[in-house]
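Side chains are part of it too, since the values below use all heavy atoms of this structure and drop only hydrogens, waters and symmetry mates. Counting starts at 1 for both ligands and their atoms, in listed order.
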Amino acid sequence: MLLLCIQGSPRKDGNTATLTSIFAEEAENMGIEVEFINITDKNIFPCIECGTCEEKGFCPIEDDMQKIYSLFVKADFVLIGTPMFFYAPPAQLKALIDRSQALWARRYIFKLSDPGRLWRKGFMIALGATKGKNLFEGANLIAKYFFDAVGAEYLGFLGYRKIEKKGDINKHPKAIDEVREKARELLVPYLKRHKVLFVCTENACRSQMAYAFARAYLGNRLDIKSAGTNPADKIDPMVIEVMAEKDIDVLYLKPQSIKEAVSNWTPDLVISMGCDDECSNIFSSPVEKWDLKDPRGKSLSFMRQIRDEIEIKIKERFKDY
Ligand SMILES: Cc1cc2nc3c(=O)[nH]c(=O)nc-3n(C[C@H](O)[C@H](O)[C@H](O)COP(=O)(O)O)c2cc1C
């Protein structure tokens with residue numbers, strides 16, 4: 001379970017940072033893994049409307065946004081915290097929002113489905129200095145379309161008015177308690193899921209396909225990760241191709257080591273795709289072996305065959321969950 005928190009104010013220790021950190025802290029207290037982004041720490045170039053995402057399905061600008069695309073895809077829940085700057089998010093956060101157009105294009109132009117999108121949810125915390133009734137209208141509309149682009153169901157927002165100077169939020173009678181309570185309310189349902197780790201050697205083919213199918217079909221019941229005993233630098237391009245034939249988008253999935261996967265997370269079940277006996281020795285959790293042949297370096301049709309075998313096995317193995 002990954003919570004991605006995006007602190008959108010340029011004032012790093014300001015009011016938005018306070019509330020976003022409280023949400024993150026509450027999640028960590030619940031044992032949830034949190035990735036916290038301070039927008040000013042990131043180098044995110046504004047969208048230049050070059051059209052590459054709509055023509056080719058990716059953003060060519062090489063900056064911190066490339067890693068953030070992968071985080072969106074990995075996240076189960078996305079929180080944005082934003083102050084109102086002229087009734088909208090600040091320019092730094094707006095650049096990130098505009099660059100999410102690349103994910104929008106993959107979904108709506110290339111008709112690919114991010115496997116996490118069925119269960120991913122999004123929420124906003126917003127605040128501003130004035131007290132007008134319409135203060136959050138613009139941001140709410142932006143959030144609605146942003147969360148759709150990143151494949152999250154938008155659950156709404158908490159908004160706080162008359163918050164101006166640094167520290168004002170600490171004097172608010174309810175804000176801090178409300179944010180804590182909201183974090184618990186929104187995140188508790190995710191904790192009920194059974195934790196499953198798919199393992200293969202490079203985490204570039206079999207375990208990534210298993211992860212994607214399991215997430216797409218069972219993400220509401222399973223908290224899923226995948227990892228490799230010897231992770232590759234990137235996912236196999238043939239996997240991207242054969243999964244796209246199933247309308248499933250795996251472009252932004254990244255191989256990771258077992259150590260990384262289990263650093264803050266203990267699986268209830270480990271499924272080995274067919275790597276050597278190494279797996280059985282690493283885990284205290286039960287290990288199940290699927291003995292699928294390694295498609296790496298083989299033909300596209302063999303990759304398809306393994307893909308189909310994995311899809312059937314996922315549906316069969318977890319049908320009673
Ligand atoms: C450039 C700029 C524009 C702002 N525009 C608005 C606005 O349109 N409406 C509003 O209520 N507050 C506005 N504010 C005030 C901030 O929203 C407010 O000070 C907020 O508490 C800042 O949050 P932070 O501490 O997280 O940065 C603006 C502040 C700045 C610096």
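- For ligand 1, the atoms sitting less than 4.0 Å from at least one non-hydrogen atom of Thr130 are 9 (N), 10 (C), 11 (O), numbered in the order shown with element in parentheses.
- With contacts defined as side-chain heavy-atom distances shorter than 4.5 Å, the pair Leu3/Phe23 qualifies.
- The pair Asp236-Lys298 does not meet the salt-bridge criterion, since no charged nitrogen lies less than 4.0 angstrom from a carboxylate oxygen.
- For atom 1 (C) of ligand 1, the nearest protein heavy atom (residue, atom name, distance) is Phe85 CD2, 3.9 Å.
- Proximity to Gly128 (heavy-atom distance under 4.0 Å) selects the following atoms of ligand 1: 11 (O), 17 (O).
- Interface of Tyr87 with ligand 1, defined as ligand atoms under 4.0 Å from a residue heavy atom, comprises 7 (C), 8 (O).
- Within the 4.0 Å heavy-atom criterion, both parts of Ala129, backbone and side chain, lie near ligand 1.
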Distance-only check: which donor-acceptor pairs under 3.5 Å involve side-chain atoms of residues 255-263, not counting sequence neighbours?
unit_1: Gln256; atom_1: NE2; unit_2: Ser226; atom_2: O; d: 2.9
unit_1: Ser257; atom_1: OG; unit_2: Glu260; atom_2: N; d: 3.1
unit_1: Ser263; atom_1: OG; unit_2: Glu260; atom_2: O; d: 3.3

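- Ligand 1 lies nowhere less than 4.0 angstrom from a heavy atom belonging to Lys166.
- For the residues Met84, Lys12, Arg11, Glu164, the heavy atom positioned nearest atom 28 (C) of ligand 1 is part of Met84.
- Salt bridge Lys42/Asp63: absent, no basic N to carboxylate O contact under 4.0 Å.
- Nearest to atom 8 (O) of ligand 1 by heavy atom, out of Phe136, Tyr160, Phe86, is Phe86.
- Between Lys293 and Glu309 there is no salt bridge, since none of the side-chain N atoms of the basic residue sits less than 4.0 Å from a carboxylate O of the acidic one.
- Contacts between Leu135 and ligand 1 below 4.0 angstrom, taking non-hydrogen atoms only, involve the side chain exclusively.
- Scanning all protein heavy atoms for the shortest distance to atom 26 (O) of ligand 1 gives Thr16 OG1, 2.6 Å.
- At the top of the distance list for atom 27 (O) of ligand 1, counting protein heavy atoms only, stands Ser9 OG, 2.6 Å.
- With respect to Arg99 and Asp64, no salt bridge is recorded, no charged nitrogen being found less than 4.0 Å from a carboxylate O.
- Between Glu311 and Arg307 there is no salt bridge, since none of the side-chain N atoms of the basic residue sits less than 4.0 Å from a carboxylate O of the acidic one.
- Ligand 1 has no nitrogen or oxygen under 3.5 angstrom from a nitrogen or oxygen of Lys165.
- Using a cutoff of 4.0 Å between basic side-chain nitrogens and carboxylate oxygens, Lys171 and Asp168 are scored as salt-bridged.
- By the 4.0 Å N-to-carboxylate-O rule, Lys254 lies too far from Asp233 to be salt-bridged with it.
- Listed by number with element, the atoms of ligand 1 under 4.0 angstrom from any heavy atom of Gly14 are 25 (O), 26 (O).
- Distances from atom 23 (O) of ligand 1 to the heavy atoms of Pro10, Ala91, Pro83 show the closest one on Pro83.
- Here the heavy atom of the protein found nearest to atom 20 (C) of ligand 1 is Ile163 O, 3.4 Å.
- Between Leu79 and Ile6, the closest side-chain pair of non-hydrogen atoms is not below 4.5 Å.
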